[in-house]
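Side chains included, hydrogens not; waters and symmetry mates left out as well; all remaining heavy atoms used. So that the names make sense, note that chain A is the first sequence line, chain B the second, and so on, each numbered from 1.
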Protein chains: 4
Amino acid sequence: MPKLGMEPIRRAALLKATIDAIGDHGSLEVTVAQIARRAGMSPALAHHYFGSKDDMFLAAMRHVLTLYGAEVRMALAGAEGPRARLEAIVRAGFGPSNFRPEAVSAWLNFWTMARQSPGAARLLRIYEGRLRSNLLANLRPLVGARAPAAAERIAALIDGVYLRQGIRTGEPDPAQAVHLVLSALANETGETPQ
Amino acid sequence: MPKLGMEPIRRAALLKATIDAIGDHGSLEVTVAQIARRAGMSPALAHHYFGSKDDMFLAAMRHVLTLYGAEVRMALAGAEGPRARLEAIVRAGFGPSNFRPEAVSAWLNFWTMARQSPGAARLLRIYEGRLRSNLLANLRPLVGARAPAAAERIAALIDGVYLRQGIRTGEPDPAQAVHLVLSALANETGETPQ
Amino acid sequence: MPKLGMEPIRRAALLKATIDAIGDHGSLEVTVAQIARRAGMSPALAHHYFGSKDDMFLAAMRHVLTLYGAEVRMALAGAEGPRARLEAIVRAGFGPSNFRPEAVSAWLNFWTMARQSPGAARLLRIYEGRLRSNLLANLRPLVGARAPAAAERIAALIDGVYLRQGIRTGEPDPAQAVHLVLSALANETGETPQ
Amino acid sequence: MPKLGMEPIRRAALLKATIDAIGDHGSLEVTVAQIARRAGMSPALAHHYFGSKDDMFLAAMRHVLTLYGAEVRMALAGAEGPRARLEAIVRAGFGPSNFRPEAVSAWLNFWTMARQSPGAARLLRIYEGRLRSNLLANLRPLVGARAPAAAERIAALIDGVYLRQGIRTGEPDPAQAVHLVLSALANETGETPQ
DNA sequence: AATGAATGAGGATTCATTCAT
DNA sequence: GATGAATGAATCCTCATTCAT
């Protein structure tokens with residue numbers, strides 16, 4: 001059974017299992033054993049590959065942000081003009097791979113993790129920075145000097161919608177979430193709001 | 001040494017200690033012993049008064065919401081007209097007793113607690129409902145049929161601003177937070193946005 | 001069953017159990033659980049009273065040295081004149097409570113512990129210092145300027161005899177040990193050696 | 001990559017690494033992985049060559065004794081007469097290859113190992129026997145019937161000096177150690193002591 | 001009312017050892 | 001010959017909770 005080159009496979013399996021476990025459980029109080037079992041291996045192996053539970057959590061968070069970043073980049077690639085790009089950013093944030101219940105729940109927990117783990121805080125600030133600068137760059141052509149404040153409002157709104165999904169029961173409704181943010185965006189850009 | 005009528009005093013001390021401990025620690029992983037020590041009593045007594053750690057956490061959350069509700073009610077009492085009442089609601093949310101770092105941190109953690117504890121989820125939905133209905137009632141005279149969507153946007157924005165404070169370092173800036181939300185409100189009501 | 005004032009009793013029982021366990025087992029690789037069971041309590045209680053395994057080991061070592069110190073002091077109390085005092089020191093070192101197999105074994109292990117634990121090293125240096133100064137004070141009247149070197153030789157010899165007992169099988173023979181050291185002492189003081 | 005005749009090289013590297021690791025660490029609580037890494041190979045290979053950790057430790061101890069034996073034999077080869085031979089024995093014991101900090105530390109730990117491992121105990125008894133018979137053979141011509149007791153005293157003293165080095169900080173001072181033992185020897189043989 | 005005493009049930013982590021390649 | 005992969009079996013330590021006093 002033991003083969004060579006298992007490391008990347010095992011690591012990926014553990015990261016996915018970590019996110020799912022945190023998402024399912026709704027908190028960071030998940031045991032390494034639970035995660036390892038989910039990933040089909042022993043707790044000892046999880047430690048072998050990640051060193052510690054904290055490191056594994058941090059890697060999982062990084063993974064989530066990487067996925068998010070990729071999704072945003074991909075969405076931006078196909079968008080022309082600031083209006084379309086803003087929409088792309090919003091849609092990417094609520095895209096199917098980010099807006100799953102487990103991902104939202106995991107995300108929420110990573111957020112609280114940032115209060116204790118400097119590494120987690122740093123990751124979160126990176127995400128925040130990217131989101132703000134993406135919004136800002138595309139709002140500027142539309143609203144000029146009001147762009148910084150508008151970007152701040154939209155960013156906070158996105159986070160708020162995400163957060164509130166965390167306590168909703170049932171499946172997330174991406175369409176509604178996107179619509180909510182886009183209508184706020186319309187307010188900002190002076191188009192007919194709804 | 002045992003005194004009469006200590007119960008309410010002890011309970012209040014424990015609730016305050018719980019919130020502070022969670023806030024300081026930045027997570028729900030606080031031990032009953034830590035909280036009890038903070039409140040100047042033994043862990044056994046904490047159990048005596050609250051039955052279990054979970055119940056104590058729930059009571060603390062209820063306490064936070066009670067304080068918040070009181071603050072909102074008081075702010076509304078002195079406000080005339082929908083515009084002023086909306087401002088009062090916003091200001092109350094970022095008032096000094098709610099927007100302290102520990103309270104924000106505790107709040108954030110209660111939010112994640114809602115994923116596991118039905119009781120916590122219920123409390124959170126009550127808060128949400130109140131916020132929405134308060135916003136809605138006062139937006140209706142200003143924006144008519146657009147009120148429900150606008151209320152939803154403002155509510156999500158408030159939560160987002162709160163959330164983002166959680167990862168900021170340093171003291172919260174209530175004035176800035178209030179300004180951010182009020183400017184979104186201005187967008188909604190068609191006043192000159194800024 | 002739970003009574004007040006158990007702490008000193010429990011601590012004493014744990015210290016004794018620690019020494020015996022190390023002695024029996026012949027190494028520091030004894031589990032807290034084994035020690036606690038020996039002392040008739042749960043491992044958790046052992047941690048409650050000593051904080052950590054290392055602290056417990058250190059306390060046990062301190063205990064051994066305290067016993068040794070008391071035995072020496074008592075022996076010195078009844079001895080008149082340098083010759084008698086030297087004999088008292090030697091006899092105390094190989095007295096029944098110090099020269100038991102478990103105590104010798106524990107002692108030997110504490111010795112190696114000193115390589116890693118600064119606390120243990122400090123304790124050992126205190127013991128060494130006391131032994132040397134005791135020997136020195138009483139050798140000076142007998143051998144004058146040669147006292148420092150003689151004290152060093154006798155001290156090393158005492159430790160050596162102890163050490164060698166550690167690998168002997170069977171019961172220690174205090175009489176023989178004492179005789180060995182006293183004959184070396186006779187060599188030093190110029191009496192007819194044997 | 002696998003070469004022929006690697007076995008003796010690998011084994012020797014592991015033995016040296018074992019002694020150094022124990023010496024550095026100051027205890028037997030060294031992991032096979034640490035030792036193997038020090039020797040530049042995988043833990044699995046260490047097991048391949050020695051079967052088990054205990055066997056590896058035992059082999060390392062044997063190695064130390066072999067080195068010691070060789071050093072003694074070499075020293076004896078160049079010594080004429082009992083007086084010179086006694087000095088040679090003492091000098092060999094505190095020679096540079098035996099009296100290094102790591103070796104002393106390892107030696108001390110092997111000593112405690114003897115309490116648990118019959119194999120280690122046997123090795124130690126062999127060492128003891130050789131030392132005693134070497135001393136005895138050369139003391140007899142000098143002190144006659146007092147030789148057995150004298151040999152015992154000198155042997156214990158040598159072990160004691162070694163032991164005490166274990167808790168000294170800083171480099172061992174072979175000259176001083178030798179001098180200490182030789183002066184005791186002078187006491188025994190009736191030469192002018194110092 | 002209040003607490004010291006006590007523990008059972010975990011949980012993270014380590015490590016010697018095995019095995020397929 | 002050599003190793004990466006893998007794990008079972010500990011081990012220390014923590015903590016909510018109970019209970020007699």
Nearest-Å distance for atom pair NE2/C1', residues D:His25 and E:dT14:
13 Å
By salt bridge (charged side-chain N to carboxylate O under 4.0 Å, His left out), A:Glu7 pairs with (sequence neighbours left out) A:Arg11
note: C:Ile35, atom CD1; F:dC12, atom C1'; distance rounded to Å ~ 12 Å
Where along residues 113-123 of chain B does a heavy atom come under 4.0 Å from DNA chain E, residue by residue in number order?
none
Protein-nucleotide distance (C:Ile9, atom CD1; E:dA6, atom C1'), rounded to Å
14 Å
Looking at residues at least two apart in the chain, or sitting in another chain, which of them share a side chain to side chain contact (heavy atoms under 4.5 Å, CB included) with C:Thr31?
C:Ala33, C:Gln34
Once side chain to side chain contact (heavy atoms under 4.5 Å, CB included) is applied, do any residues pair with A:His47, and if so which ones, sequence neighbours excluded?
A:Val32
Residues at least two apart in sequence or cross-chain that pass salt bridge (charged side-chain N to carboxylate O under 4.0 Å, His left out) with B:Arg100, listed by chain then number, are B:Glu102
Candidates F:dT7, F:dA5, E:dA1 - which lies nearest the side chain of A:Met6
F:dA5
Qualifying salt bridge (charged side-chain N to carboxylate O under 4.0 Å, His left out) pairs, either residue in residues 31-60 of chain B, two or more places apart
B:Asp24-B:Arg38
Rounded to whole angstrom units, what separation is found between the CG atom of C:Leu45 and the P atom of F:dT18?
18 Å
I'd like a table of donor-acceptor pairs (distance under 3.5 Å, sequence neighbours excluded) in which one partner is a side-chain atom from residues 103-112 of chain B, with atom names and distances.
| unit_1 | atom_1 | unit_2 | atom_2 | d |
| --- | --- | --- | --- | --- |
| B:Ser105 | OG | B:Gly23 | O | 3.3 |
| B:Asn109 | ND2 | B:Ser105 | O | 2.8 |
| B:Trp111 | NE1 | A:Leu163 | O | 3.4 |
| B:Thr112 | OG1 | B:Asn109 | O | 3.0 |

In whole Å, what is the span from the CZ atom of B:Phe50 to the P atom of E:dA2?
13 Å
Sequence neighbours excluded, the answer for side chain to side chain contact (heavy atoms under 4.5 Å, CB included) partners of B:Ala121 is B:Ala114, B:Arg125
Toward the 5' end of DNA chain E, by each residue's nearest nucleotide, C:Pro8 or B:Tyr49
B:Tyr49
Looking at residues at least two apart in the chain, or sitting in another chain, which of them share a side chain to side chain contact (heavy atoms under 4.5 Å, CB included) with B:Ala13?
B:Ala39, B:Met41
Under the salt bridge (charged side-chain N to carboxylate O under 4.0 Å, His left out) definition, can you give me all pairs with a residue in residues 110-119 of chain B, not counting sequence neighbours?
none
Are C:Arg10 and E:dG4 close enough that a side-chain N or O sits under 4.0 Å from OP1 or OP2?
no
Polar atoms only, N or O, under 3.5 Å: list the protein pairs with nucleotides 13-17 of chain F and their distances.
| unit_1 | atom_1 | unit_2 | atom_2 | d |
| --- | --- | --- | --- | --- |
| F:dC13 | OP2 | C:His47 | NE2 | 2.8 |
| F:dC13 | OP2 | C:Lys53 | N | 2.9 |
| F:dC13 | O5' | C:His47 | NE2 | 3.4 |
| F:dA16 | OP1 | B:Lys53 | NZ | 2.9 |
| F:dA16 | OP2 | B:Val32 | N | 3.0 |
| F:dT17 | OP2 | B:His47 | NE2 | 2.9 |
| F:dT17 | OP2 | B:Lys53 | N | 2.9 |

Report yes if the side chains of C:Ile126 and C:Leu65 come closer than 4.5 Å at any heavy-atom pair, otherwise no.
no
Separation of atom CZ in D:Arg37 from atom P in F:dT3, rounded to whole Å
13 Å
Within-4.5 Å side-chain heavy-atom neighbours: B:Ile35 and B:Phe57:
yes
Nearest-Å distance, CE (A:Met41) to C1' (F:dT7)?
12 Å
5'-to-3' dot-bracket of DNA chain E (Watson-Crick, G-U; under 3.5 angstrom; crossing pairs as [ ]; | other strand):
.||||||||||||||||||||
